[in-house]
Amino acid sequence: MKNPSLRKLALCVFASFITVSDSAQTVADGGNLGFISIDCGASRDYVDEVTGIWYQTDEGFTESGTNHRVAPKINLEQFAPTINQTVMTLRSFPEGERSCYTLKPKQDEQNQNQKQKYMIRAIFAHGNYDLKNQAPAFDLYLGVNYWSTVQTLPYPYDFQIYPYEIIIEKDSNTEMVQVCLVNTGQGTPFINALELRPLNNSLYPAPLPLTIDVGDASERIDLGSGLLPPYWTRFEDDVYGRLWFTGDNTKGDVLQTSVEPKAEESLYKLPSEVLRTALQPQNHSNLLTLNASYGDISNQYYMFLHFAEIVKLPPGHKRIINVTFSDENSLSQLLTLEYLKPVTLSSNKFTNKGYINVTIKAASDSNAPPILNAIEIYKVVPQPNFPTAAQDVKAIKEIKQIYGISKIGWQGDPCVPSKLAWDRLNCSYGNNIRIISLNLSSSKLTGVIAPSFASLEKLESLDLSHNELTGPLPEFLATLANLKFINVTGNRLTGSIPKALREKANLEISIGNNPGLNCLTNSCKEHNKFEIPLIASLSSLAIVTVLVSLVIWRFKMITVLCAESRKKKVLKPKNQAFSYSEVLHITNNFKTTIGEGGFGKVYLGTLEDHTLVAVKLLSSSSKQGYKEFQSEAKLLPVMHHRNLVALVGFCDENDVKALIYEYMDLGDLSGLLSEKNQNVLKWSDRLQVAVDAAKGLEYLHNGCKTPIIHRDLKPSNILLNKFMVAKIADFGLSRAFTNERDSHLSTQPAGTPGYIDPEFHRSGKLDKRSDIYSFGMILLQLITGHPPIRRQLDNAYFIVDWIRPKIECGDIHGIVDQRLNGEFQVSSAWKAIGTAMSCIELQPIQRPDISYVLNELKECLVMEIDHANPNGSQILPIKHHSGQFDSITSLSPR
Ligand SMILES: *[C@@H]1O[C@H](CO)[C@@H](O)[C@H](O)[C@H]1NC(C)=O
Ligand SMILES: *[C@@H]1O[C@H](CO)[C@@H](O)[C@H](O)[C@H]1NC(C)=O
Ligand SMILES: *[C@@H]1O[C@H](CO)[C@@H](O)[C@H](O)[C@H]1NC(C)=O
Ligand SMILES: *[C@@H]1O[C@H](CO)[C@@H](O)[C@H](O)[C@H]1NC(C)=O
Ligand SMILES: *[C@@H]1O[C@H](CO)[C@@H](O)[C@H](O)[C@H]1NC(C)=O
Ligand SMILES: *[C@@H]1O[C@H](CO)[C@@H](O)[C@H](O)[C@H]1NC(C)=O
Ligand SMILES: *[C@@H]1O[C@H](CO)[C@@H](O)[C@H](O)[C@H]1NC(C)=O
Ligand SMILES: *[C@@H]1O[C@H](CO)[C@@H](O)[C@H](O)[C@H]1NC(C)=O
Ligand SMILES: CC(=O)N[C@H]1CO[C@H](CO)[C@@H](O)[C@@H]1O
């Protein structure tokens, strides 16, 4: 922690200020010079009587905080008549960790694409504004980098004014400069004034930013000043608004002149008041030594010495000065002074040796001793942090503005520094810092989904659920290459899901509870042309034979598509038409058979990008199941969900008809549960499968305006990929209904014995509850390891009749699959059984909705995992949807 030196401590509001020069009045509006002058906490704009500078209130520069007046209980004017208006009010920031002021310096029209140097000054004087007699300390940031720590002092020093100055360089690409106050838990940050002044770019040649910091060895001193210390001069004297302090004159002889040095002609434009005085060695010595002690060991400094001859030397006499900075080079510089002409020498970088050593000697041929008029010592402010990519900053600020998001924490850079990153978003911190997830769930957003979201190029997850968003789900979201998850559940979106989004690989969209959002009607029309009469069942179990005549025009359409696709020999995107020769190529001439169904064989295939696929080929002799195929071909391209098997493409060429699906490495659930499988599925894996399948079913039932009823749910229709993510397959019997209440009378037989809803079997009435029944039977099979109809010896009995007595006598270990050897959490198992039993109520009306079932199953999973991690580590089953790996890696680390 730094402590302001005593010399600076003495700098207080009782200072006597320098007299005013008339010329200052001509710049009533500092804005013309590119000035920004903010009187924080002021209630109105005004022109400072003394300096002629126009001060603005901080409205529009910052977003939070409250206004105060220093020393509210005393008559300041009487108490300290010289106090400056800018210091009299302040703004404090009791809420939020980081509070920022955003300055937008005017871009010089003639100086486009150039860098521009600015001086920024922040002024602090708390004046016991809150009557707490405290001395707050807080950090000051310039953009994403630490600048300094403001350390104030308590009564009776509470009127001390702390000016912090920094010289920065802004290139024309950066639109704005941000000065942020960061609460470090040592009191409420506050600020009295903030000023920005453009500098001539040739000034202060050194790596920027450079700062002059109250608590550090850095300083700006006017030597030989006749004024009693302390004092500081302001704009009326210094066109750049630098503050000058009186130095220690006791080590030398003071020189003064009443003649004005030609300050205007010099680059640094020092106030003539500063140049008019100098110090020379005592007793006509030839050596002036400066010795200042450094601040922190790690700091680096640059020094600027200002000289001007203020003594009219006899003709022929010269003052020649030999300056040696003990900086990195320690080179000596020779300087011959001319009468009244200011000159500045700059040092190289000083690395810290504990003190600064500069010797100023008279050169051997000099006729006069050395002098020094003023000195500036700047500390280099390290810049270790880079801001978030400008594009993302712009986009998130637009989003903030469009939706009027007034979050106290959303100030400054969204991602940097990481400990101050905005809530509700996550970033990737590589070479290029990007926003990768944004969660604005329940944020009262209204209006349409703005294009700014699409500017967050690297976004992986976007949660906009539970807002009041209207309009369509925009197609531009599909341009986000990494996007894997969108949740717009619970809004008022309308229209249909754009094709580009539906077809985007690995994208999960949650669209539930948008009454006007239709994912079928429009899309189906659009998709009709993709229908091809193929059989689409990956499962190999009983499928009913139905003969349906072909719709000839569709074949023509498809032929055209195939012809087109043959021309482009490129990698196919999703749901694309493949030619027969491509199918041959993909399957390596139908080399590997991975399954066989009623309609033909399923082959293993490999796409050009090495993705494995399952190619279902319709045997040319088979005339079965066209209806089923049509269902699937109609529904599958429309439905996109992580827990539904995805259709990759199709082929229809002359007699060859094939459907191409994503490859599910681990096969179907009935195989995984069968006694032949040596790798017994763990309890937590079973629950995860149940949760996955429930999610898929929830999407079918509730994700779209038009519910889809699967009608043939059974373990063999639940497939698992290599990450053990379960997906529902086989939509051959699925039906979509425009009106949910309108339960349909179906004449068609459907379903598989054991899993089929007996009520549907009886009445032929079809609704979502039939799927729930089947789902309940699958749950029971996951729990017990047994199919619904168990055969033992000559007997066959219904699993429910076997299970009920065990439930009644509380025999959980008798119910759960014996192969688990009791390795499961009892409460989790009971909950799972309860859920399953509620699904298979005979009265459909008593069966729960799938969303309820899903929640119950999630809770089962949490119970099991909490049990497996007794230390309470927060591994949750439902992850942030960043990829396929999430849920499974958290469950079964492999
Ligand atoms: C900066 O100073 C140099 C030298 O005095 C001068 O030539 C130049 O015009 C100045 N630039 C600006 C923008 O004032
Ligand atoms: C200058 O001379 C005076 C009187 O002789 C002496 O007291 C003082 O120490 C000298 N100063 C220096 C810097 O030599
Ligand atoms: C300079 O200051 C440092 C620290 O105050 C001190 O150790 C050193 O002796 C001084 N050097 C000279 C030449 O006065
Ligand atoms: C200061 O620098 C001068 C010239 O480089 C050198 O002679 C002197 O010893 C240095 N003093 C200290 C204390 O380093
Ligand atoms: C300047 O001072 C340095 C260090 O004291 C010395 O080495 C050099 O010779 C001097 N140069 C002149 C021209 O006097
Ligand atoms: C950010 O990451 C954390 C930790 O992984 C996670 O808990 C949080 O939900 C994520 N936030 C968003 C908006 O994705
Ligand atoms: C978004 O935040 C809400 C609550 O803040 C949370 O329930 C939800 O899971 C989050 N979404 C994601 C994708 O992390
Ligand atoms: C989408 O958001 C809703 C509401 O926050 C939530 O209930 C649902 O679980 C989310 N969907 C997913 C897949 O996370
Ligand atoms: C440097 C400066 O601006 N000083 C002024 C502060 O305010 C008092 C009273 O308003 C003036 O008299 C000073 O000149």
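Given the structure is predicted, the values throughout are model-derived calculations rather than measurements. Atoms within each ligand, like the ligands themselves, are counted from 1 in listed order. Values below: all heavy atoms of this structure, side chains included; hydrogens, waters and symmetry mates excluded.
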Worksheet entry | Residue portion contacting ligand 5 (non-hydrogen atoms closer than 4.0 Å) for Leu334 | side chain
Worksheet item: Which of the atoms in ligand 7, numbered in the order shown and given with their element, are less than 4.0 Å from a heavy-atom of Asp463?
Response: 1 (C), 8 (C), 10 (C), 11 (N), 12 (C), 13 (C)
Worksheet item: What atoms of ligand 5 come closer than 4.0 angstrom to any heavy atom of Ser332?
Response: 1 (C), 2 (O), 3 (C), 4 (C)
Worksheet item: What atoms in ligand 6 come closer than 4.0 Å to a heavy atom of Ser437?
Response: 12 (C), 13 (C), 14 (O)
Discussion item. For the residue pair Glu698 / Ser851, report whether a side-chain donor-acceptor contact shorter than 3.5 Å exists.
Written reply: yes
Worksheet item: Which heavy atom in Asn183 sits nearest to a heavy atom in Gly96, and how many Å separate them?
Response: CB-O, 4.2 Å
Worksheet item: Which atoms from ligand 7 have a heavy atom of Phe485 less than 4.0 Å away?
Response: 13 (C)
Fill in: Closest heavy-atom pair and its distance - Leu288, Ile371
CD2-C, 4.3 Å
Discussion item. Could you tell me, atom by atom, which parts of ligand 5 come under 4.0 Å of a heavy atom of Lys361?
Written reply: 2 (O), 3 (C), 4 (C), 5 (O)
Worksheet, complete the sentence: Within 4.0 Å of some non-hydrogen atom of Asn439, the atoms of ligand 7 are 1 (C), 2 (O), 3 (C), 8 (C), 10 (C), 11 (N), 12 (C), 14 (O)
Response to the item:
Of Asn322, Leu345, Ile320, the one forming a side chain to side chain contact (heavy atoms under 4.5 Å, CB included) with Leu335 is Leu345
Item to complete: Report, in ascending order of atom number, the atoms of ligand 6 lying under 4.0 Å from any heavy atom of Arg424.
Response: 13 (C)
Worksheet item: For ligand 5, is there an N or O atom under 3.5 Å from any N or O atom of Asn322?
Response: yes
Fill in: Salt bridge flag under 4.0 Å for residues Glu468 and Arg492
yes
Practice prompt. Would you indicate whether the side-chain heavy atoms of Met724 and Gln688 approach each other to under 4.5 Å?
Written response: no
Discussion item. I'd like to know if Glu864 pairs up with Lys682 as an ion pair, taking the criterion as any Lys NZ or Arg NE/NH1/NH2 lying under 4.0 Å from an Asp or Glu carboxylate oxygen.
Written reply: no
